[in-house]
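Below is one structure, written out as structure tokens; the observations come after it.
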Amino acid sequence: MRTHYCGDLSAANLDQIVTLAGWAHRRRDHGGVIFIDLRDREGLAQVVCDPDRAEAFATADRARNEFVLRVKGKVRRRPEGTTNPALRSGEIEVLAHEVEILNPSLTPPFQLDDDNLSESVRLQYRVLDLRREQMQKNLRLRYKVTMAVRKALDALGFIDIETPMLTRSTPEGARDYLVPSRVHPGEFFALPQSPQIFKQLLMVAGFDRYYQIVRCFRDEDLRADRQPEFTQIDIETSFLSEDEIRAMMEKMIRAMFKETLDIDLPDPFPRMTWAEAMGRYGSDKPDLRVPLELTDLTDLMKSVEFKVFRGAAEMPGGRVAALRVPGAELSRKEIDDYTQFVSIYGAKGLAYIKVNDKSKLPEGLQSPIVKFLPAETLAQVLERTRAENGDVIFFGADKAKIVNDALGALRVRVGHEKGYAGKGWRPLWVVDFPMFEYDDEGKRWSAMHHPFTAPKDGHEDLLASDPGNAISKGYDMVLNGSEIGGGSVRIHRADVQAKVFIALGISDEEASAKFGFLLENLQFGAPPHGGIAFGLDRIVAMMTGAESIRDVIAFPKTQRAQCLLTHAPSPVDEKQLRELGLRLRDKPKA
RNA sequence: GGAGUGGUAGUUCAGUUGGUUAGAAUGCUGCCCUGUCACGGCAGAGGUCGCGGGUUCGAGUCCCGUCCACUCCGCCA
């Protein structure tokens, strides 16, 4: 039906008779001559229709935007002065001999070259949205990324094994999407939140190196970087240490960036412990493009009168920290904005000091809190933060989580807003995650990573005696402030796994009911193993510069987890419900 | 569950202090135009101001509720 892609035509095709097929991107009717920009997946080519060929001209006259056309014609050089350097095929044009309308189109609801469209219009007409050049590029980059991953992993001896989509519900973690079983009335499958347990079982089964580019499901609220179904690059290996696993994964990520964007990432990636990341950046996924850092002042503030600081410093699990912003010209309004900004993270205020003249204490400092702090303490603050004249120092004093969240987020915001952020790609391993974090609401310990993460060698006894200080063999790969992958060395011994379940308050009965198949199989010679899962959507979104992963997913859902194209989810027939043995508690509103 | 931004023509938006017939650009339709490429010119059609209620002589504008889209907090082992 066709001989060439529109976007591939060039001067190399001069004088050839070609047949193109594609969509009428734009039509310019000059009365005596009609230009049609014909578009296919490779790009545009200008088709010229002369009245000399009456039939082709008449057809071109009827054509409208997004009509599907087949054009046969001769490639010729454009007249001097009419070339279009913005177009790959801009030196040539196709003189139409025949034009056929393969299919007309309704008038599209928006212009395809409009890049200022609302999200709901785009999602409602997703098919047309996907025709736009940007979306075509995004999805093709996504394909290239997965190809690079498969190539790299294949070269390292990994094999792709599929795991069930219909599996069983797990107690901890996100809400499951449930699928009722017709054959077992009252029982449900769950869609996997990740193939975690299956990939561990595959290690026990001796496959040694597994990977899968796999859909995962979590029934939680959405964000710009969270969809109810998303794609993970899921990897597991046997007989490798933490360091060996990370080295291998770095290699894959470097290959991915090199092959798709021709970017050289550092070798090796820098590495930082979780504790250091929290201390210096207030975050377990620091954006290293921003050079600003937090300074800890907790010990210093234990002895001051100022109740806000002292109270936080003396509170168990409290923290006082400073964020120095060098040479910051901050207006009162900006500081007010920042104060409001940190309040979303639970901070009750945002104390600050403007350093006007550090040689004169305290009058060289401009701040509502200077009067509460002794000159000696102020001098210490200036020294520790290495403050210079013209700097602004922000303070956080509260529970460590609030201080870290607030100052950590402020650091990133100020860093980018005020132009401190460097360019480029800054990967980082964050390692030595704690085993557990305390859940204030549930009054219990919960797994920081997941309950199959191994404790550091020598930390097994802490699981029971001091769970808060038990360190794990868990690690995250962070890129420019986003967590792009997370993994760990797993527990391969049933007795250690049982201890973790106890620490998490999961009883023997519950553990064997929910994870019996894992615990049992760990006893059949489970090898030491570990792995990682990367968020494909996030990685590709970052690579394309997209603000949301919706822009790298062909058919994403809205924030209320609906598909505006298909209108899923939808009610089902009473008959279907009856077959499944289900009755709705509340009849949906008609 | 909570905080915020937005919803007006097919699309993207403007709409003053509550005041006559709700505008612009673009798209669409028709006519004209032989070198444009965001073609140009002329004319025309196109509106449940998200929805419901209230205040008012009068509501796109004020109030209450509600729905939808987006961002964030919680949540996401």
Side-chain angles (χ1 to χ4, degrees), chain A residues 25-38 44-52 57 64-66 78-87 89-90 93 95 106-125 128-129 170-176 193-194 196-197 216-228 230 340-347 401-402 405-406 409 413 433 435-437 439-442 445-453 472 474 483 486 488 500-501 504 506 533 535 547-548 550 557-560 562 564 589:
Chain A
H25 185 68
R26 265 181 191 276
R27 179 172 152 277
R28 292 177 294 280
D29 182 352
H30 288 249
V33 60
I34 298 172
F35 300 99
I36 293 175
D37 291 335
L38 197 63
L44 298 175
Q46 174 164 280
V47 173
V48 186
C49 302
D50 269 347
D52 310 357
F57 188 81
R64 291 294 182 273
N65 282 349
E66 299 310 310
R78 292 192 182 195
E80 201 157 335
T82 64
T83 58
N84 184 350
L87 231 53
S89 64
E93 62 189 12
L95 177 65
L106 295 175
T107 300
F110 52 81
Q111 290 164 266
L112 267 74
D113 45 13
D114 191 347
D115 49 10
N116 182 30
L117 295 167
S118 72
E119 192 93 15
S120 50
V121 168
R122 289 180 56 199
L123 292 180
Q124 193 179 341
Y125 299 99
L128 295 176
D129 185 43
T170 48
E172 291 206 37
R175 293 183 187 91
D176 288 315
Q193 297 178 24
S194 100
Q196 179 61 35
I197 295 180
C216 301
F217 304 86
R218 292 177 191 177
D219 186 6
E220 294 294 342
D221 288 346
L222 288 82
R223 288 281 199 285
D225 63 351
R226 280 174 9 199
Q227 284 274 306
F230 60 98
Q340 181 150 23
F341 175 68
V342 295
S343 74
I344 17 183
Y345 300 95
K401 176 167 169 40
I402 290 176
D405 287 351
R413 177 172 164 184
F433 274 69
M435 283 292 291
F436 308 109
E437 59 189 337
D439 172 9
D440 280 328
E441 249 174 61
W445 293 97
S446 65
M448 188 99 167
H449 191 59
H450 58 53
F452 317 109
T453 300
S472 76
E483 179 201 326
S488 63
V500 169
F501 284 145
L504 291 171
I506 299 175
E547 291 187 6
S548 156
R550 292 186 299 275
K557 298 192 173 40
T558 67
Q559 196 166 46
R560 289 200 65 249
Q562 284 178 307
L564 295 185
K589 285 166 279 180

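The sequence lines fix the lettering, A, B, ..., with proteins before strands; numbering per chain opens at 1. Since this is a predicted model, take the numbers as computed values, not measurements.
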Self-check item: For A:D29, all residues meeting salt bridge (Lys or Arg N to Asp or Glu O under 4.0 Å), sequence neighbours excluded
Solution: A:R27

Quiz item: Given atom CG of A:L123 and atom C1' of B:A69, what is their separation to the nearest angstrom?
Solution: 9 Å

Quiz prompt | Whether A:H30 stacks on the six-membered ring of B:U36 base, 5.5 Å and 30° limits | solution = no

Atom pairs under 3.5 Å: protein N/O with N/O of nucleotides 29-31 of chain B:
from: B:U29; atom 1: OP1; to: A:R64; atom 2: NE; distance (Å): 3.2
from: B:G30; atom 1: OP2; to: A:R64; atom 2: NH2; distance (Å): 3.4

Quiz item: Starting at the 5' end of RNA chain B and moving along, which residue's nearest nucleotide shows up first, A:M448 or A:E93?
Solution: A:E93

Practice problem: Measure from the side-chain N and O atoms of A:R78 to the backbone N and O of A:T83, and report whether any donor-acceptor pair falls under 3.5 Å. | Solution: no

Practice problem: Taking the side chain as every heavy atom from C-beta outward, state whether A:Q111 and A:N65 have any atom pair closer than 4.5 Å. | Solution: no

Exercise. Please tell me which of the listed nucleotides, B:U12, B:C33, B:U36, lies nearest to the side chain of A:S118?
Key: B:U12

Practice problem: Taking salt bridge (Lys or Arg N to Asp or Glu O under 4.0 Å) as the test, write out the residues that go with A:R223, two or more places apart. | Solution: none

Quiz item: Given the P atoms of B:G19 and B:U61, what is the spacing between them in whole Å?
Solution: 11 Å

Exercise. Quick one: list whatever passes side chain to side chain donor-acceptor pair (under 3.5 Å) with A:D129, sequence neighbours left out.
Key: A:R122, A:R126, A:R132

Quiz item: Which nucleotide in the list B:C33, B:U11, B:U71 gets nearest to the side chain of A:R550?
Solution: B:U71

Exercise. Could I get the full list of side chain to side chain donor-acceptor pair (under 3.5 Å) partners for A:D114, not counting sequence neighbours?
Key: none

Under-3.5 Å N/O pairs linking protein and nucleotides 5-10 of chain B:
from: B:G10; atom 1: O2'; to: A:P109; atom 2: O; distance (Å): 3.0

Self-check item: Sugar-phosphate, base or nothing in reach of A:N65, heavy atoms under 4.0 Å
Solution: sugar-phosphate

Quiz item: Can you check whether A:T558 has a side-chain N or O nearer than 4.0 Å to OP1 or OP2 of B:A69?
Solution: yes

Quiz prompt | By salt bridge (Lys or Arg N to Asp or Glu O under 4.0 Å) - contacts of A:R175 (at least two apart) | solution = A:E220

Quiz item: Mind checking what makes side chain to side chain donor-acceptor pair (under 3.5 Å) contact with A:D219, not counting sequence neighbours?
Solution: none

Self-check item: Distance in angstrom units between A:K557 NZ and B:C70 C1', rounded
Solution: 18 Å

Quiz item: With a non-hydrogen cut-off below 4.0 angstrom, is A:T453 in contact with a base, only sugar-phosphate, or nothing?
Solution: nothing

Quiz item: From the list B:U12, B:C37, B:U71, which nucleotide is the closest neighbour of the side chain of A:D37?
Solution: B:C37

Exercise. Would you mind pulling out the nucleotide paired to B:G65, Watson-Crick or G-U wobble, both distances under 3.5 Å?
Key: B:C51

Practice problem: Could you pull out all residues at least two apart from A:F110 that satisfy ring-ring contact (aromatic ring centres under 6.0 Å, His included)? | Solution: none

Quiz prompt | side chain to side chain donor-acceptor pair (under 3.5 Å) involving A:E66 - partner list, sequence neighbours excluded | solution = A:R39, A:R131

Quiz item: Is any side-chain N or O of A:R78 under 3.5 Å from a base N or O of B:C37, one able to act as donor and the other as acceptor?
Solution: yes

Exercise. Classify the nucleic acid contact of A:E119 as base, sugar-phosphate or nothing, counting any heavy atom under 4.0 Å across all strands shown.
Key: sugar-phosphate

Quiz item: Does A:M435 reach the side chain of A:W445, with side-chain heavy atoms less than 4.5 Å apart?
Solution: no

Under-3.5 Å N/O pairs linking protein and nucleotides 73-76 of chain B:
from: B:C73; atom 1: OP2; to: A:R223; atom 2: NE; distance (Å): 3.0
from: B:C73; atom 1: OP2; to: A:R223; atom 2: NH2; distance (Å): 3.4
from: B:C73; atom 1: O2'; to: A:I344; atom 2: O; distance (Å): 3.4
from: B:G74; atom 1: N7; to: A:R223; atom 2: NH2; distance (Å): 2.8
from: B:G74; atom 1: O6; to: A:R223; atom 2: NH1; distance (Å): 2.8
from: B:G74; atom 1: N1; to: A:D221; atom 2: OD2; distance (Å): 2.8
from: B:G74; atom 1: N2; to: A:D221; atom 2: OD2; distance (Å): 3.3
from: B:C75; atom 1: O2'; to: A:E220; atom 2: OE1; distance (Å): 2.8
from: B:C75; atom 1: O2; to: A:R226; atom 2: NH2; distance (Å): 3.1
from: B:C75; atom 1: N3; to: A:R226; atom 2: NH1; distance (Å): 3.2
from: B:C75; atom 1: N3; to: A:R226; atom 2: NH2; distance (Å): 2.7
from: B:C75; atom 1: N4; to: A:R223; atom 2: NH2; distance (Å): 3.2
from: B:C75; atom 1: N4; to: A:R226; atom 2: NH1; distance (Å): 3.1
from: B:C76; atom 1: O2; to: A:R226; atom 2: NE; distance (Å): 3.4
from: B:C76; atom 1: O2; to: A:R226; atom 2: NH1; distance (Å): 2.8
from: B:C76; atom 1: N3; to: A:R226; atom 2: NH1; distance (Å): 3.0

Quiz item: Expressed in whole Å, how much space separates the C1' atoms belonging to B:G30 and B:C67?
Solution: 40 Å

Quiz item: Between A:V33 and A:R560, which has a closest nucleotide on RNA chain B that is more 5'?
Solution: A:V33

Quiz prompt | Those residues that, when tested against A:F452, pass ring-ring contact (aromatic ring centres under 6.0 Å, His included) (two or more places apart) | solution = A:H450, A:F515

Quiz item: For B:U56, which nucleotide in any strand shown is its Watson-Crick or wobble partner with both distances under 3.5 Å?
Solution: none

